[in-house]
Amino acid sequence: MTDQTRYLVVGSSHAAIEAIAAIRMHDPEGSLTLVTRDSHLPYSPTVLPYVVSGRSAPERVFLRSEEFFTAQHVAYRPGNALAKLDTQGNKAQLADGSEVHYEKLLLATGASPAIPPIPGIDTVPYHVLRTLDDALKLKAAIAGSRQAVVLGGGLVGMHAAENLVAAGAQVTVVEMQDQVLGGYFDACAADFIARAFVAHGANIVTGRRVVGLAPSAAGATIRLEGGDSIEADLLLVATGVKPELAYLAGSGVAVAQGICVDNAMRTNVANVWAAGDCAQAKDFYQDAITLNAILPDATEQGRIAGMAMAGDPGRRDYAGGVPLNTYHFFGQHAISVGSGVVPPGGVEQLRVDEANGRYLRAIFQDGRLLGIFGIGTFFDGGIMWQLILRRVDLSASMDRLVADPLATGREFMSRLWR
Amino acid sequence: MSAVLEKPKQKYIVCEGNEAAALAVALARPDMVSVYPITPQSSLVEHVAKLIADGRMDAEIVDAEGEHSVLSVLHGAALAGGRTYTATCGPGLAFMFEPYFRTSGMRLPIVMSIVTRDGITPQSVWGGHQDAMTVREVGWVQIYCESVQEVLDTTIMAFKIAEHHDVMLPVNICLDGNYLSYGASRITLPEQDEVDAFMGVKDVNWHAALDPLRPMAVDPLTGGATGKGPATFVRYRKGQCRGMQNALRVIAEVHDEFAQRFGRHYAPLLEEYAMEDAEFALMTLGSMSGAAKDAVDEARAAGRKVGIIKLKTFSPFPVAALVSALANVKALGVVDRSVGFRWNCGPMYQETLGALYRLGRHVPSASFIGGLAGADITVEHFHRVIEQTEALLHGPAPTEPIWINEHD
Amino acid sequence: MGRAQNTLAFDAAKCDGCNKCLQACAQAKTGTDDIARARLQVLPAAGSFELALCLQVLPAAGSFELALCRQCGDPKCVSVCPAGALGKDADSGVIAWDGSKCVDCLLCTVGCAYAGIALDGATGHVAKCDLCDGTPACTAACPTGALSYVTTARIYNEVGDWEDLFAPGLAGCQGCNTELLMRHTLRRVGPDTVLATPPGCVPGMGSVGYNGLAGTKVPVFHPLLTNTAAMLTGIKRQYKRKGREITALAIAGDGGASDVGFQSLSGAAERGEQILFMVVDNEGYMNTGMQRSSCTPYGAWTSTTPVGRESKGKTQDAKNMPLLMVNHRCAYVATASTAYMEDLYAKLDKAIEASQTGFAYLHVYSPCTTGWRFPTEKNMEVARKAVETNFVMLWEYTPAQGLQLTRPLDDPQPVTEYLKVMGRFRHLTQEQVQHIQAKVEENRAFVEQMAQQR
């Protein structure tokens, strides 16, 4: 049997639910179906470390209820993945064998853990953290762990490491780059953060690869480049994520690292859009499309895709992905907005207050803000994001912005877009 | 002439024309009357007010602050489905001209007596047809009465004519100020149930209504030179003209029906008096006709072949009936109670010239103007009119109007 | 779809940076005097910051701005929250923070471009304005009226639920507030209405329609410019006679009411006809090309009171129509302005009620973007300035209660604040301005004296 729907949305996280809101804003009546492989109500992958830590009760992390879908006239079909796409026939085949005939399709299927090709990895038990079920399993495992190894010093890995520390385990984070949190902070800031971990008893290993994994009595033996080995009763693989796009085989939808989309989140195939972590979209800083798998971008892309699908004339082009993140570790806050790369001719301003644990770094080019990064120094990330996107001329105010980013940012907000 | 079906119950009273009009209005059971006093109409609306105050007439009365509002109130009431009535004259009619013009365009079957009065200035407060004649081209049906009884009967008929679906136009019943308004005579008063049966079902806003149960825009903007405007405007205006022409037939039908039910027959459009073998004729309008008839009777007795064509319906102008009445006339004297400034003659004379063209042969004629501002046109005056008209059979026609009361 | 909600409004022109709002907020929300922790922040604005730094003085009034949660309709803080800790309440419109769900990730502060949600360093959590459950501490503490709590949402939501009885797409001039007035009034009065719109801007916008197409869903017509109240008299009385309740409503211009239509209006008012007569006063015959009416104020340019060598604008004062109507002892008389919708609505309700027993007269001042010569987006500002300078006074009258000011001013602005925002007064001489100011004072004294007679 084949279902008919005007809008088919695949996926159920931020990009998908933002797209649904955008579609419904313009078209309150058109039939809308949401299919997702997850059997839970919508939730954010970003909240999962807090489920692991116990900060978030797993039954209270859902972003939408069943009633939401009823009220929005959305046929909600969880636990059913997209298996194959027939873009010629505008048909989606689902894992349970059923078909959905769509007029407009949004692929918001997110990403899955990228498992590195380490010899022996398929011989040892390990955890990943991408789904609510992953989080619940990891939470249970942490309780009994004495000696844990986290592969990958990104946000997921560092969050988990902190949770393990809190649970009383001996933790080692292994990161093959020279610093942790490479995508968001520079070496100086990363060192700042890494030192906090070390101070709390964690072991941070950077600049070294894992060359082999083998089963052991405890669980797994992790062999590092250069000969050392670490025993682990709990191994977490947190070496990044990548879109899982097997369902696109033969569909004609162009894929690079993710699904290639234009500034309206349209793929190369008629009637098919993509948004969120599975989409490879315009980068703000360069004339290229990149994967920018972060939450604020997913909502932005989902909104644009939804508006485009519904024909909302208010739609604006995607401004381009800007790296954005916030990070909370051992009671301290870190915020990262924009690119950390200092381009030729760029200006870097750095303010470090070791005694008070404060760090601020800002990068400008031609008086325009490219990125700003703070630890223990609060500023309004949303305002900084706008200063970057609007390419506001801050030539006369760069010093002031670094000296007092909160007040200076708000002043520009008031002046320019309040 | 129709046969009388049965002899209805009769009730006789003696009253003036204004009271007769008021009694007729009561019998016609309007929903609303709106009033403002003016000489010589005042006693008419006083009678109406008293009838309502005494509970002898069930109608809403609005004592408006002027004639302009009087007619406007009735516009609203008619669009809300009410049967409506008022009366005015002279300066009052002039003041209500703005809504007056609009009444026929909205096809509102309002009945209004004009207790005719001469136009000011020269200042005067007395009768004359100048007021009604001045607005003869505004799309109202205008019917003139000769006697008090005719005032009563025609006022009842006026509602039925106005509300006829083929007409849907406002009707003026013109009764001569002073001579009919204050002239008392014995009249027969019809019974209410007879009038009710005669009037039939009231249905006055089937075509255009201001009713929340039937919402519509009444009189949206039209005309102009683009889009549907020109054709829409023509459709409305042409409909008014067709309604006027339909009125000629309906007036006759209603008079016929009235005669059958009440036993009193009036020539609906024009009356031919002593016209069977008339060589020459007079034309009269309104109350002057009584004196004219007396004079003609005497002239006939003296062997003069003179007759009278008395117009009752002045608007629409009964061209065909007049052409027929003039078929054998060789000279014509038209007596007006008002003036036509542009043609230097009486208005009825001017209109008659048009009918004479339709006749297709030349008829020597003269315009007589008399009875202005309350002046009387006596039998003696009419003898002179007869003489001067008869002279047209042999001599030249005057190029100027003959002013009847000029040397009184 | 979208609902209106009550909100905080900030008028920079009135803010002198006293920080009392911040103190009140800090006390209400943190129990401390630490204004840095207040959930709104007053900032020097628009270039004044650098200037103030250079001169070492405080910025002057009118140069402050606000960082405050706007309780957005489509809040990005909510959409970027991974924990479901932020949500917009459908009724109050408040974006509420649920501390039991929050994971302190600060992503909301990245989502918000207005600094409406920020880290409270003392708690380690984000904090934001919650409008104090409808009784904001900050507005209560504001001594200048710069911060106010606008509670008109109820009106818009209620009215939004009623049927719009006008056709879509009325053809008004850009920026005209009359369409707002027409739509709101008719929604409020409802379908059991007969609507009279005499010649002027209202039918000019298409209220009656063109060539057989109607402009409203209620029975509607053009009366003559002269006979609106008389026609409505006939309509209302006829329905009363038939035992049917309808509202006889006029939406008329000032010319049709104060000049050629005054006789029928006065007559109907004297007779106590059960009519709701609304005058949309744009102080002239704007629909026919901006000619003078008796409601045109002294000194104003119109196309028949032009500015030339011998004379400059109208040489007489305006006729005060609403006071004339008070002297008819109508069942209800009020003045209103679209800049004060809450006040207007309260009066509309009273006028509707009064029109079921007698004559109700509502005089609404309606700035004309085209004829008064001001930018199309300034309509509400012009309307507001008229009231703030006492050029227009808002009051209501009933025979039982007498005349009462509904928006008395303690400290009216000079009338020049009103005159200067539009082109029709641009030519005024100093003497003419003085004349207008004196007239405003005289009128104020007269109205206040009437108000005190109870």
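Order of the sequence lines sets the chain letters (A, B, ...), proteins ahead of strands, with each chain counted from 1. Values below: every heavy atom of this structure, side chains too, minus hydrogens, waters and symmetry copies.
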Residue, of [options], that accumulates the most heavy atom pairs under 4.5 Å with chain B:
options	answer
C/Thr226, C/Asp192, C/Val194	C/Thr226
C/Asn227, C/Thr233, C/Leu224, C/Ile246	C/Leu224
C/Ala214, C/Ala229, C/Gly209	C/Gly209
C/Leu195, C/Val208, C/Thr193	C/Val208
C/Arg244, C/Arg241, C/Gln263	C/Arg241

Which atoms of [X] approach chain C - backbone, side chain, both or neither, heavy atom under 4.5 Å:
X	result
B/Ser72	both
B/Leu71	neither
B/Leu210	both
B/Asp63	backbone

For this session: Kindly indicate, with the supporting measurements, whether the criterion side chain to side chain contact (heavy atoms under 4.5 Å, CB included) is fulfilled by C/Leu265 and C/Thr228.
Result: CA-CA 7 Å; C/Leu265 172 60; C/Thr228 308; over 6 Å; no

Basic-acidic side-chain contact under 4.0 Å: [X], [Y]:
X	Y	answer
C/Arg188	C/Asp349	yes
B/Glu65	C/Arg271	yes
B/Asp131	B/Arg117	no
C/Arg187	C/Glu163	no

Exercise. If you draw the axis of the six-membered ring of B/Phe198, does the NZ or CZ of B/Lys160 fall within 45° of it and under 6.0 Å from the ring centre?
Worked result: yes

Counting only non-hydrogen atoms closer than 4.5 Å, does [X] touch chain B with its backbone (N, CA, C, O), its side chain (CB onward), both, or neither?
X	answer
C/Glu273	side chain
C/Leu232	neither
C/Lys242	side chain
C/Arg237	both
C/Thr216	neither

Seminar exercise, completed: Looking only at B/Lys228, B/Arg102, B/Arg214, the option with the highest number of non-hydrogen pairs under 4.5 Å against chain C is B/Arg102

Seminar exercise, completed: With chain C, the option among B/Asp219, B/Asp211, B/Thr222 that has the most non-hydrogen atom pairs under 4.5 Å is B/Asp211

For this session: Assess whether atom CD of C/Gln356 is packed by more than 12 heavy atoms of other residues, nucleotides or ligands within 6.0 Å.
Result: yes

Exercise. Is the count of non-hydrogen atoms from other residues, nucleotides or ligands lying under 6.0 Å from C/Lys319 atom NZ greater than 12?
Worked result: yes

Exercise. Aromatic rings B/His165 and B/Trp206: how do their planes relate, parallel, tilted or perpendicular, breaks at 30° and 60°?
Worked result: parallel

Exercise. Mind checking whether B/His68 and B/Phe95 have parallel, tilted or perpendicular rings, split at 30° and 60°?
Worked result: tilted

